[in-house]
Amino acid sequence: MALSRSFYTQRSPAVLAHDLLGKYLVFGDKTGRIVEAEAYLGPEDQASHARFGVTKRNELMFGPGGFAYVYLIYGMHDMFNVTAGSKRTPGAVLVRAVELVEGFRGADPKAGAGPGKLCRAFGIGRVQHNGCDLTTDRGIHLADGRLRRSEKVATSPRIGVDYAGEWAARPLRFSIAGNPAVSR
DNA sequence: GTTCCGATGCTT
DNA sequence: AGCATCGGAACG
């Protein structure tokens, strides 16, 4: 059962990134469990694509939550983001790592440990999936899930945004502490 | 174990 | 020019 529109629209990017830990990423016969996510905020966030205002690439970040924002980086890796909030609180959450739960027989157990790797593993790409609605059971969606009693959330600075000045240090990366599928 | 580098194409 | 990355090579 896909998470509802309001699940995404009622949360700021930072809260959504935190709350996505333990949720399931589902696409076709493939299922992963989210263990790492990063929040990217609005124009004030100097690490966010939104820092340039609305552009052709990032316009989904300024719309309602619950849509896929998928883009290509370094000419070869797709990044899967979930839009958060509403027009008042633009932003998105980068899904950085999942545990492989189902549909990955024979795959490297670390094939979901990284934002580029998980897109490759799930067959998620910008050309096919940018802008797709995540609230339908058909196609890519997220399903409810919980952290275990023993699992704790770790926060840290976001990866790969050293250019962003003081924003680079903000604790907007969330992960399940000690989980082996976390990207680093 | 660490650090460095090239791949490869879209964005500002 | 630089990038919300990755895998392999080089080094010690």
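Just so we're on the same page: letters track the sequence lines, and every chain starts at 1.
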Which residues end up grouped with Met76(A) if you chain together Ile, Leu, Val, Met, Phe, Trp and Tyr wherever their side-chain heavy atoms are less than 4.5 Å apart?
none
Near-strand residues of residues 50-81 of chain A, defined as heavy-atom separation under 4.0 angstrom from DNA chain B:
Phe52(A), Thr55(A), Arg57(A), Leu72(A), Tyr74(A), Gly75(A), Met76(A)
Residues at least two apart in sequence or cross-chain that pass side chain to side chain donor-acceptor pair (under 3.5 Å) with Asp78(A), listed by chain then number, are none
Using a 4.5 Å side-chain heavy-atom cut-off and chaining through intermediate ILVMFWY residues, the residues clustered with Leu172(A) come out as Leu41(A), Trp167(A)
Does Arg51(A) form a salt bridge (Lys or Arg N to Asp or Glu O under 4.0 Å) with Asp45(A)? I'd like the steps, not just the answer.
CA-CA 6 Å; Arg51(A) 68 189 181 280; Asp45(A) 178 1; over 6 Å; no
For the rings on Tyr69(A) and Phe67(A), is their centre-to-centre separation under 6.0 Å?
no
Give the residues of residues 89-101 of chain A touching DNA chain C, defined as any heavy atom closer than 4.0 Å, sorted by residue number.
Leu94(A), Arg96(A)
Strand DNA chain B in bracket notation, Watson-Crick/G-U under 3.5 Å with | for pairs to another chain
|||||||.|||.
First and last nt of DNA chain B near chain A, cut-off under 4.0 Å to heavy atoms, 5' to 3', are dA7(B) to dT12(B)
Could you give all pairs that pass the salt bridge (charged side-chain N to carboxylate O under 4.0 Å, His left out) test and reach residues 124-139 of chain A, with sequence neighbours left out?
Arg5(A)-Asp133(A)
Sorted by chain and number, sequence neighbours left out, ring pair (Phe, Tyr, Trp, His ring centres under 6.0 Å) with His129(A) holds for Phe27(A)
What residues from residues 110-124 of chain A pass a heavy-atom cutoff of under 4.0 Å to DNA chain C?
Gly114(A), Pro115(A), Gly116(A), Lys117(A)
With a cut-off of 3.5 Å and sequence neighbours excluded, list every side-chain donor-acceptor pair involving residues 100-125 of chain A.
unit_1    : atom_1 : unit_2    : atom_2 : d
Asp108(A) : OD1    : Lys110(A) : N      : 2.8
Lys117(A) : NZ     : Lys110(A) : O      : 3.2

Short of 4.0 Å, heavy atom to strand atom, which residues of residues 167-184 of chain A count as contacting DNA chain B?
none
